[in-house]
Amino acid sequence: MKSTCILIGAPIDTGQKREGCLMGPAAYRVAGLARSLEELGHPVIDRGDVALPALSPVTCKNPAVHHLAETIGWTSALAQAAEAAMSEGLPIFLGGDHSLSLGSVAGAAAYAAKARRPLFVLWLDAHSDYHTPLTTQSGNLHGTPVAYIAGREGFDAFPPFPAPVPAERICLYGIRSVDRAEHAGLLETDMTVCDMRVLDERGIVAPLREFLDKVRAENGLLHVSLDVDFLDPDIAPAVGTTVPGGTTFREAHLVMEHLHESGLVTSLDLVELNPFLDERGRTAKLMVELVGSLMGRKVFDRPTRSFG
């Protein structure tokens with residue numbers, strides 16, 4: 001069965017300080033994302049870009065935090081867009097920095113709660129993004145979505161998260177840059193943390209398969225959040241937060257193929273693409289190729305693995 005893919009642009013670059021991510025949605029469209037999905041047989045609906053609503057004044061006790069009102073506005077708008085789109089197909093959010101996930105996952109959580117199914121989150125990223133507006137030293141709110149999703153305190157200015165995702169339903173996969181405060185907070189949770197050492201020691205597939213087995217066992221919905229910096233900067237330079245030692249071309253495609261074969265993915269973020277930092281669109285094209293693998297493109301078709 002082919003999924004209807006609903007493209008939703010999120011031209012956000014206020015979650016961090018390096019301008020350019022707002023051009024991400026246009027870059028994905030120019031790189032042929034819709035065409036790639038249609039070639040795989042998936043109907044595509046492009047809803048255009050979400051608009052930032054009218055903003056209300058808001059303050060934060062942490063003076064480092066910037067663009068709080070804009071981030072709250074985007075969160076509300078994207079949550080509404082996500083919840084509506086999930087009833088119609090598989091929403092793909094075209095970012096935009098990672099603060100968009102504050103809204104996209106909130107909408108997915110609201111939909112999951114109404115459907116009475118558990119939501120799981122797979123975070124493909126170099127960073128854990130487990131800060132809150134009160135703990136961040138940089139003030140960059142693109143480093144806070146996982147904390148918001150998990151129900152961590154410190155988000156009083158934000159819309160209440162519809163149904164916080166229990167830590168055991170969140171998997172941080174591929175991380176390799178976690179600061180001291182985030183590390184301490186994560187140690188107090190049951191979150192699945194697959195940093196690059198885990199992947200080097202156990203391989204790229206086994207930890208992923210274990211998490212997907214948990215999703216399947218609970219008949220869960222799966223939101224995947226794919227950050228460009230999940231990839232090694234040698235193959236994906238168009239990101240303002242490059243961290244050496246990321247996944248290779250082959251490893252990233254293998255992850256996507258396993259996600260496709262699981263049949264569990266119900267929503268997707270594509271975040272932190274900064275076309276201003278790209279080299280002739282190579283990162284945008286690679287991200288489009290990875291989405292193609294997630295949605296069924298293979299070099300050689302094999303019988304689908306039985307997950308008994």
Side-chain angles (χ1 to χ4, degrees), residues 8-28 49-53 55-56 58-82 92-108 121 123-150 152 154-159 161 172 175 177-179 181-182 223-230 238-243 268-277 283 287:
I8 300 172
I12 307 169
D13 66 2
T14 49
Q16 36 83 60
K17 295 173 182 174
R18 190 157 192 174
E19 295 180 346
C21 284
L22 61 82
M23 299 185 290
Y28 284 119
D49 291 350
V50 172
L52 183 64
L55 304 178
S56 300
V58 62
T59 59
C60 182
K61 294 179 181 178
N62 181 355
V65 168
H66 59 90
H67 294 99
L68 179 59
E70 289 87 347
T71 303
I72 292 170
W74 283 119
T75 298
S76 297
L78 286 166
Q80 294 175 19
I92 301 176
F93 293 88
L94 316 179
D97 68 55
H98 221 151
S99 66
L100 77 84
S101 299
L102 294 158
S104 62
V105 185
V121 177
W123 204 257
L124 306 177
D125 198 330
H127 306 87
S128 63
D129 295 340
Y130 198 59
H131 272 297
T132 76
L134 300 181
T135 67
T136 174
Q137 294 182 336
S138 69
N140 296 334
L141 293 174
H142 71 164
T144 64
V146 173
Y148 183 56
I149 293 162
R152 198 175 186 192
F155 290 88
D156 293 346
F158 284 77
F161 197 84
L172 307 180
I175 64 171
S177 178
V178 181
D179 69 24
E182 290 176 299
H223 182 94
V224 175
S225 199
L226 173 59
D227 191 311
V228 171
D229 69 22
F230 172 66
V239 61
T241 52
T242 54
V243 183
L268 173 67
D269 299 329
L270 305 176
V271 303
E272 296 289 349
L273 175 66
N274 187 333
F276 186 76
L277 303 175
T283 307
M287 291 287 281

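Here, residue 1 is the first one in the sequence, and each next residue gets the next number. Since the model is a prediction, treat every value here as computed from it, not as a measurement.
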- [ ] I would like to know whether L277 and R18 meet side-chain contact (heavy atoms from CB on, under 4.5 Å); could you show each step before the answer?
- [x] CA-CA 10 Å; L277 303 175; R18 190 157 192 174; 3.5 Å; yes

Closest approach of [X] to [Y] (non-hydrogen atoms, all atoms of both residues):
{"X": "D13", "Y": "E19", "answer": "OD2-CA, 3.6 Å"}
{"X": "E182", "Y": "S128", "answer": "OE2-OG, 3.1 Å"}
{"X": "G103", "Y": "A82", "answer": "O-CB, 4.4 Å"}
{"X": "K17", "Y": "S138", "answer": "NZ-O, 3.1 Å"}

TODO: Among D227, T241, D179, D229, find the one that has a side-chain hydrogen bond (donor to acceptor under 3.5 Å, both in side chains) with H127.
DONE: D229

Task: From T71, T14, N140, residue fulfilling side-chain hydrogen bond (donor to acceptor under 3.5 Å, both in side chains) relative to H66 - done: N140

Open item on the list: I'd like to know if the side chain of S101 pairs up with that of S225 as donor and acceptor (distance under 3.5 Å, no hydrogens or angles considered).
Closed with: yes

Open item on the list: Evaluate L141 against L68 for side-chain contact (heavy atoms from CB on, under 4.5 Å), listing each step before the verdict.
Closed with: CA-CA 8 Å; L141 293 174; L68 179 59; 3.9 Å; yes

Is there a side-chain contact between [X] and [Y] in this structure, where contact means two heavy atoms from C-beta onward sitting under 4.5 Å apart?
{"X": "H98", "Y": "Q16", "result": "no"}
{"X": "V239", "Y": "L273", "result": "no"}
{"X": "L172", "Y": "D125", "result": "no"}
{"X": "D269", "Y": "L226", "result": "no"}
{"X": "V50", "Y": "I8", "result": "yes"}
{"X": "V58", "Y": "I72", "result": "yes"}
{"X": "P145", "Y": "V105", "result": "no"}
{"X": "W123", "Y": "V146", "result": "yes"}

Return yes if some donor-acceptor pair links the side-chain N/O of [X] with the main-chain N/O of [Y] below 3.5 Å, else return no.
{"X": "S76", "Y": "G73", "result": "no"}
{"X": "D97", "Y": "E272", "result": "no"}
{"X": "R152", "Y": "T132", "result": "no"}
{"X": "N274", "Y": "G24", "result": "no"}

Report the distance from atom [atom1] of [X] to atom [atom2] of [Y], rounding to the nearest 0.5 Å.
{"X": "L270", "Y": "L124", "atom1": "CG", "atom2": "CG", "value": "10.5 Å"}
{"X": "L100", "Y": "I12", "atom1": "CG", "atom2": "CD1", "value": "5.0 Å"}
{"X": "H67", "Y": "H142", "atom1": "NE2", "atom2": "NE2", "value": "13.0 Å"}
{"X": "L268", "Y": "F93", "atom1": "CG", "atom2": "CZ", "value": "9.5 Å"}
{"X": "M23", "Y": "F276", "atom1": "CE", "atom2": "CZ", "value": "7.0 Å"}
{"X": "T283", "Y": "Y28", "atom1": "OG1", "atom2": "OH", "value": "9.0 Å"}

TODO: Flag the pair F158 / Y148 as yes when their ring centroid distance falls below 6.0 Å, and as no otherwise.
DONE: yes

Open item on the list: Please enumerate all residues that pass side-chain contact (heavy atoms from CB on, under 4.5 Å) together with P11, with sequence neighbours excluded.
Closed with: L22, P25, D49, W74

Task: Sequence-distant partners of E70, side chain to side chain donor-acceptor pair (under 3.5 Å), two or more places apart - done: none

Task: Chi angles and distances behind the side-chain contact (heavy atoms from CB on, under 4.5 Å) call for L102, T144 - done: CA-CA 8 Å; L102 294 158; T144 64; 3.9 Å; yes

